[in-house]
Amino acid sequence: MTRKVRVRFAPSPTGALHIGGVRTALYNYLFARQHGGDMLLRIEDTDSTRFVPGAEEYIIEALQWLGIEIDEGIGAWSKKDGAKTHDLCGQYGDKGPYRQSERREIYHRYVNQLLESGNAYYAFDTPEELEAKRQEVPNFQYDAHTRGTMCNSLTLPQEEVDRRIKAGEKYVVRFKVEPDEDIHVNDLIRGEVVINSNIIDDKVLYKSADDLPTYHLANIVDDHLMEVSHVIRGEEWLPSAPLHVLLYRAFGWSDTMPEFAHLPLLLKPDGNGKLSKRDGDRLGFPVFPLEFHNQKDGTVSSGYRESGYFPEAVINFLALLGWHASGDQEMFSMDELIQQFSLERVSKSGAKFDYEKGRWFNHQYLQLRSDEELARLFMPVLEKKLDSSVYQNVNIEKVAQIIGLVKDRVNFVPELWEQACFFFEAPMEYDEKSLKKRWKEDSPKHLTELSELLSSVSDEDWTRKNLKEDGTTEWLLDTVVMPWIAEKEYGVGVVMNAFRICLVGAARGPHIWAITDILGKQETLRRIDTALRLI
RNA sequence: GGUGCUAUCGUCUAGUGGCCUAGGACAACGGCCUCUCACGCCGUAAACCCCGGUUCGAGUCCGGGUAGCACUACCA
């Protein structure tokens with residue numbers, strides 16, 4: 001039986017979407033698209049105490065930015081015919097609602113089913129009592145061997161159970177796990193995993209305190225009802241997969257149980273352990289797609305988008321952290337990923353987060369963007385850096401031209417400023433190291449003469465380029481200045497570097513005639529003049 | 001502690017018993033280019049966790065160690 005591929009990404013709205021979660025979403029998306037299936041987004045908000053305002057919106061916006069499209073569920077409102085609402089978190093689909101907190105009645109029904117079939121029971125032990133038990137008995141586990149000593153519907157008379165429930169006493173419903181059974185889970189990435197039911201405790205499925213199920217129950221019920229065919233999630237879920245298999249069986253849904261694929265974890269770049277927000281702060285890189293202002297604890301987390309990353313670079317980078325095509329290809333568009341992705345080629349071991357490679361990917365994608373587009377993206381940076389009177393006169397075509405000269409040396413759009421600032425404002429000071437190395441005793445004399453020489457060049461010739469016999473071009477200014485240097489027997493490097501310092505403020509930057517071309521004759525001469533006075 | 005998963009250059013990884021004197025990419029280092037700094041190009045260094053077994057032959061299969069990670073909540 002081949003059934004329609006339907007996968008889900010099911011985050012909980014407890015804060016910004018972690019980059020590992022983004023990768024999980026990506027792999028789900030690639031798998032769905034490759035098989036012509038559906039990508040659902042379901043919000044798992046069964047822990048009312050951990051809800052963070054804005055987290056849902058954040059998740060939708062992040063996926064949108066990255067180009068991971070939702071077909072059904074939360075955030076799929078745009079799929080609606082003539083969608084009137086632009087509610088970011090609106091939902092679409094005939095298997096909703098897609099927010100677990102809105103599915104209470106559904107869960108009631110299935111909790112009762114388990115209760116009636118004898119697969120679950122009521123338990124009245126308070127959190128304090130359980131905590132005390134754990135203190136008293138090392139490695140205490142609520143299971144077949146201990147449930148008989150606890151306070152639940154298996155040990156209490158029926159009337160007592162009814163009385164407690166009627167009195168509004170807080171209770172939970174626990175899953176009754178039978179001991180001594182080897183449970184087989186087939187994982188698409190790892191193969192068969194076998195776990196004995198003895199090590200699984202009687203998991204809480206439902207808590208009356210907030211009238212909500214726990215993850216385990218909600219997850220199984222929803223995946224079944226939403227006809228999910230493949231569960232692709234992080235490796236941290238592998239230990240509870242056997243429990244899920246048991247739940248499917250208890251419901252009588254074994255035949256349509258989804259296939260499982262547990263993804264390797266994203267690890268810290270240094271040392272060991274899961275990648276966390278703290279690692280990003282400590283090592284200076286984002287671990288979230290977008291900047292996030294947590295209204296609950298007031299913290300602000302940096303994001304890839306705000307750091308100047310292109311979404312396609314983040315996608316490419318993430319895709320290769322745990323998955324690899326058979327060849328040596330490094331650059332993949334989303335379409336190529338959809339075509340080539342396969343769960344069989346996902347690695348089994350955790351991947352240390354190689355932030356440097358992320359930078360490299362962004363560099364590659366930045367080179368692919370046109371100068372005009374980069375200019376548009378760079379304008380806001382300029383607006384911030386420049387005096388408003390200066391910014392008013394900035395010409396975007398000129399910006400594009402400048403970007404064409406310097407883009408190959410940056411990884412991010414904001415870095416363009418460091419490479420191009422001298423095109424917009426004359427140097428205010430001169431780099432100490434450059435001066436020491438490149439400013440010679442004769443430099444003032446050279447520059448005075450050079451200034452005179454350049455003054456004699458007409459405005460028209462200033463920007464002229466000649467076509468040489470070999471097909472390359474050369475700046476006309478080159479044919480003016482080089483012979484002069486040769487005639488005077490000055491060193492080319494000595495003159496040109498001092499000249500460069502006048503224009504740039506340091507010994508760096510693109511070809512010098514490309515700079516003078518953009519600066520223009522007047523500004524060039526002015527900068528030489530200024531430098532001669534200041535240095 | 002228990003259970004499970006994993007194990008190739010510093011990092012991401014290729015490798016599905018002979019094509020492996022182990023390939024690619026990032027990072028590092030060196031050279032070239034050059035008026036400078038970059039980019040780019042070329043090159044160098046760098047790995048099969050250990051011990052057994054199977055086999056004519058093991059990075060690749062099996063067993064045992066070791067190590068790392070995950071899980072072990074009325075969190076997801």
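Below, chains carry the letters A, B, ... as their sequence lines are ordered, and counting in each starts from 1.
- Computed from coordinates, the A:Phe175 CZ to B:C74 P distance equals 16 Å when rounded to whole Å.
- Relative ring orientation between A:Trp237 and A:His244 is described as tilted, the plane-to-plane angle lying within the 30° to 60° band.
- Residue A:Arg174 places at least one side-chain N or O closer than 4.0 Å to OP1 or OP2 of B:C74.
- Both cation-pi conditions hold for A:Arg369 and A:Phe310: the charged atom is under 6.0 angstrom from the six-membered ring centre and inside a 45 degree cone around its axis.
- A:Arg134 has a side-chain polar atom (N or O) that falls below the 4.0 Å cut-off from OP1 or OP2 of B:C74.
- Contact between the side-chain N/O atoms of A:Thr46 and the OP1/OP2 oxygens of B:A76 is found at a separation under 4.0 Å.
- Counting heavy atoms from C-beta outward, A:Ile19 and A:Leu318 have side chains that approach closer than 4.5 Å.
- Contacts of A:Asn219 with the nucleic acid, taken as non-hydrogen atoms under 4.0 Å apart, are absent.
- The CG atom of A:Leu238 sits 8 Å away from the P atom of B:U6 (whole-angstrom rounding).
- Side-chain atoms of A:His511 and base atoms of B:C35 include a donor and an acceptor less than 3.5 Å apart.
- Among the heavy atoms of the strands lying under 4.0 Å from A:Pro510 is at least one base atom, whether or not backbone atoms are also near.
- Between A:Ser347 and B:U13 there is a side-chain N or O to OP1 or OP2 distance below 4.0 Å.
- You'll find that the side chain of A:Arg438 is closest to B:C37, out of B:C37, B:A76, B:C26.
- Within 4.0 Å of A:Ile512, counting heavy atoms only, lies at least one base atom of the nucleic acid.
- The side chain of A:Arg500 contributes no N or O atom lying less than 4.0 Å from OP1 or OP2 of B:U34.
- One cannot find a donor-acceptor pair under 3.5 Å joining the base of B:A70 and the side-chain atoms of A:Lys274.
- Summarising the geometry, the separation between CD1 on A:Ile195 and P on B:C71 is reported as 14 Å, rounded to the nearest angstrom.
- A:Lys348 and A:Glu235 are not joined by a salt bridge, as no carboxylate oxygen comes within less than 4.0 angstrom of a charged side-chain nitrogen.
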